[in-house]
Structures are given as structure tokens and as C-alpha cells.
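Fair warning: this is a prediction, and the values are worked out from it, not measured in the lab.
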Amino acid sequence: MTEIGKHKHLSYEGRVVLLALLAGLPGSVTALWILWTRPFAPQAQWTLTVLIVGAWLGFAMAVRERVVFPLQTLSNLLGALREGDFSVRGRSPRPDDALGEVMREVNTLGSTLREQRLGALEASTLLRTVMREIDVAVFAFDERERLRLVNRAGERLMAAPTERLLGQTAGELNLQSCLDGPPQTTLQTAFPGGAGRWGVRRSKIRERGLPLELVVISDLTQALSEQELQAWQRLVRVLGHELNNSLAPIKSIAGSLERIIGREPLPDDWRDDMRRGLSVITSRSESLSRFIGAYARLAKLPRPQLQPLDVAACLGRAVSFETRVVVKIQAGPDITVQGDPDQLEQVLINLLRNAADASLATSGGVETGWRRDGALLEVWVKDEGPGLSNTANLFVPFFTTKPGGSGIGLVLSRQIAEGHGGALTLENRGDGPGCIARLRLPA
């Protein structure tokens, strides 16, 4: 092995000592050469030789200690930080030199890591407390679909403690449908801890670098039952109101006609009375039939058949159906959306018809157009009518302020908009009299 190879395998401490010896070598060799080539007494020569060599080696070892000891201290500090002990601090004799700056930065790093660990521990404790106490079942499965995390609500849903649940697969827990189904769905099923309708949400998280599938199961039975009860109550009120409005006059007129027929002799104008009474009965029956048909139409709205739809062409066709007033079109950018042409045209026709009805009452005008608002398309219809006095019941089924109105136009239009992932709003204008309807759809 060459001398260079030996130096390459020297430790850091050995190289420091070697460099220190090499630094003192010229002076020491020169001093020894002068000492032993001049006529000095042997005792002085040996004494000075020992002093020179001792000082040379002592200073070399002192250099080693001054270089190696701070590095060992830094190594201990970094090791403590790696092990999670952030209470250890280093100190330098001179805080204003390079070594002092290094120690100060390491101490600052320790303080920062300590604060971050405390914050992470507090956040983790809060999260676990919320997960434990929340009334929603939470399950976390690893890549092999084995359960790694469950909260108290999950224990109640599975009717088993955490110790028995952890490590089991989704199939063994009868939760495979929650992992294989869509990320958000509603299930009608029975678990060991209860049966009913459940809302299931699934997402991906990471814990300590490992991917987990998070499944959240919430009980929707009570909420849906309350909503269904409210819906039935509203339906009964509306149906009862409309049926009473139609049946009350039919009952009254039928009784009057029965009394007329029961007279002896019949009055001279009994035929006219019968004709008028039957006409009213026919009219109210037809009105009731239209009402039932409108409700059936509202309840059986089909799903939209999405296809590329040119906004300008669709709005132009809807405007062509309104001939009572001149509708001004304010053109927007060229946009093609995914939508059902028949349903969206029906929405626009309804909005334009309502705007025309309102504007005819004040001899005003109607204006429509479209624009792009971020990821949304907004089609607006403005009128110059009297405006809205009550906006709370606009989208209540069968509520109408127009004579002969069915009260389902706006409700049906909003259902179509929401079926396309959009929304429909109607409000009074802020720049003048009248209303503005906004149909927003994903662009």
C-alpha cells in the first residue's frame, strides 16, 4: 500500500494531527539541527530536545482537541435532535466567532423543531379527540385493505371493540362495498350496530408516509326521515289547498243543481241554470286535472341527456318563441357547454315568458345575454316590470302570482338547472325597475 493510500484511510482526527505535526516540522527540525550541530553541553542538548519535541507534540494534540471536540459536541447535539430530544443545547466560549454562530444556529434549529413537534402533537391530539368523539364512523384501511384506524362511532357501528377490529380486512367487516363503490354515495344496508340509510364518503390520506383509504359513514336515517316528513307535509298542504279550491265550488253547485231538479214543477230557466252549473263544474274539473298533470310533470323530470350545446344558438331559438315583446340580445363569447337542448331551451323559454309577462304590465322591455364567469356560464334575462314583492315563495311548487299560472315554471326550471350541475336565481334589479334571472351552468 502506498503512502497516499495510507493517508486516504486516516481518520479525520489523524489527518488533523498529521497536519499539525507537518506545520511544526520545519521549525522543530531547524531548532534541533542547530542544537545538535553547535557545541552545547550534552545535558542542555537533551533537555532542549525534550522540550522542543514535547512542545511540538503537545501543540499538535491541542490543535486536535480544539478541532475535534466542537465537532463531537455538534454530533451529540444533532444526534439528540434526531432522537427527538430538543432540550439539549450547545455552548461556545466565544459566541461571536464561527463556532459560536454554528452553535447558535443548531440551538435555534432545536428550538424550532421543539415548537413544531409540540404543534404537531397538539394537532394530532386534537384530531384524535375529534375523531374519537365525533358521531360519525371513521375507518382507515391500508393498501392491503386492512383496518388501521377506527373511532368510537365505528366501534358502535361494528358492535365490536377496536382490538377486535384492527387488522381485519374490509371484506371481513362487510365494508367492501364502501371501498369499491363511488367516492360519495348513499347505502341502504344493515351493519352489526344498526340498520338504515347511510352516507358514505371515501378519500385518500397519508399517515407517517403510508397511504390510507379513509371511509366516513354517517347515519342519514333521521335526517332523511325529517326531510321526507317535511316534503310530505308541504305536499299535503298544497294538494289540500288545490283540491279544496276545486271541490268546494263543485260541491256547492252540485247541491244547487240537485235542489233545482227536486222542485215540482221545474222552474222555467232550469235548463240555463243546469247549463251554467255544469259549465262551472267542467271548468273546475279541467283546472284540477291540469294541476295533477303539472304535479306529475314536476315529479317525473327525466335526467338530462348531455351533448355539446352552442349557447348562442340555444338562446336564439328560445327568443324566437317570444313574440309579444322585442327581446334584445347582448351577445357574449362563443361558448359550447354540455347540456340537454330540450330542457335548457325550456328553462330559457320559461324565463323569457315570465320577463315578458312582467314587462307587458309596465310597457317595458326585455333583454338577455350571456357571459363567462370563471368556470361558469351565466345566462341572464332582465325585464323592466314591477319587480318582486315577495321572493321567499318563488321556488315553492304551485305558488304563483299570475292569474291562471300553474306555479311550476320556476320550480321546474331550477330542477333542470340543478340537474345540469348549475343554479337558477331570480332577484330584483339594482340598476332600475324589474327583475334579473341568472342561469349558471358549468362552462
Point to revise | Sequence-distant partners of Gln116, side chain to side chain donor-acceptor pair (under 3.5 Å), two or more places apart | key: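 With neighbours one apart ignored, the set is empty.
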Other residues, nucleotides and ligands only: do more than 12 of their heavy atoms fall within 6.0 Å of [atom1] on [X]?
X	atom1	value
Arg201	CZ	no
Arg148	CZ	yes
Gln307	CD	yes

Donor-acceptor under 3.5 Å ([X] side chain, [Y] main chain):
X	Y	value
Arg64	Val17	no
Ser359	Ala355	yes
Arg372	Gly374	yes
Asp340	Leu306	no
Thr362	Glu384	yes
His420	Pro304	no

If I compare all heavy atoms of [X] with all of [Y], which pair ends up nearest, and what's the gap?
X	Y	value
Ala153	Ile134	CB-O, 3.7 Å
Ala358	Pro386	O-CD, 3.5 Å
Arg202	Val215	CG-CG2, 4.1 Å
Leu179	Ala170	CD1-CB, 3.4 Å
Val136	Ile217	CG1-O, 3.4 Å
Trp370	Ala331	CH2-CA, 3.8 Å

[X]: side chain to side chain contact (heavy atoms under 4.5 Å, CB included) partners, not counting sequence neighbours:
X	result
Pro308	Thr336, Gln338
Ala423	none
Arg317	Leu309, Ala313, Cys314, Glu345
Ser111	Arg89

Supply the atom-to-atom distance [X] [atom1] to [Y] [atom2], rounded to the nearest 0.5 angstrom.
X	Y	atom1	atom2	value
Leu212	Phe139	CG	CZ	14.5 Å
Leu377	Ile335	CG	CD1	5.0 Å
Leu157	Asp219	CG	CG	8.5 Å
Thr425	Leu439	OG1	CG	9.0 Å
Ile436	Leu426	CD1	CG	9.5 Å
Leu351	Gln346	CG	CD	10.0 Å

Using the salt bridge (charged side-chain N to carboxylate O under 4.0 Å, His left out) criterion, which residues pair with [X]? Sequence neighbours excluded.
X	result
Arg324	Glu322, Asp357
Asp334	none
Arg276	Asp273
Asp342	none

Review point. Passes side-chain contact (heavy atoms from CB on, under 4.5 Å), Phe141 versus Leu175? Steps please.
Key: CA-CA 10 Å; Phe141 295 89; Leu175 295 176; 3.8 Å; yes
Check your understanding: Do Glu143 and Pro211 have side-chain heavy atoms sitting under 4.5 Å apart?
Key ->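 Yes, at least one pair of side-chain atoms sits under 4.5 Å.
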Review point. Would a 4.5 Å heavy-atom cut-off, applied to side chains only, mark Arg146 and Gln168 as touching?
Key: no
Exercise for review: Could you give me the CA-CA distance, side-chain angles and deciding distance for Leu376 and Leu441, then say whether side-chain contact (heavy atoms from CB on, under 4.5 Å) is met?
Suggested key: CA-CA 6 Å; Leu376 295 176; Leu441 298 172; over 6 Å; no
Practice item. Applying side-chain contact (heavy atoms from CB on, under 4.5 Å), run through Lys382 and Val366 and close with a yes or a no. Key: CA-CA 6 Å; Lys382 297 179 181 179; Val366 177; over 6 Å; no
**Study point:** Qualifying salt bridge (charged side-chain N to carboxylate O under 4.0 Å, His left out) pairs with a residue from residues 433-443, counting only residues at least two apart or across chains
**Key:**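 Listed by first then second residue: Glu378-Arg438, Glu378-Arg440, Glu427-Arg438.
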Check your understanding: What residue pairs, at least two apart or across chains, pass salt bridge (charged side-chain N to carboxylate O under 4.0 Å, His left out) with a residue in residues 156-165?
Key -> Asp135-Arg156
Exercise for review: Say whether Gln176 and Glu145, considering side chains only, have a donor N or O and an acceptor N or O under 3.5 Å apart.
Suggested key: yes
**Study point:** Side-chain H-bond candidate by donor/acceptor type, Asn350 with Arg353, under 3.5 Å
**Key:**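 Looking only at side-chain atoms, Arg353 and Asn350 do form a donor-acceptor pair, the distance falling under 3.5 Å.
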Check your understanding: Could you give all pairs that pass the ring-ring contact (aromatic ring centres under 6.0 Å, His included) test and reach residues 167-218, with sequence neighbours left out?
Key ->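 For residues 167-218: Phe191-Trp198.
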**Study point:** From CA spacing to verdict: side-chain contact (heavy atoms from CB on, under 4.5 Å), Thr186, Val200
**Key:** CA-CA 6 Å; Thr186 302; Val200 180; over 6 Å; no
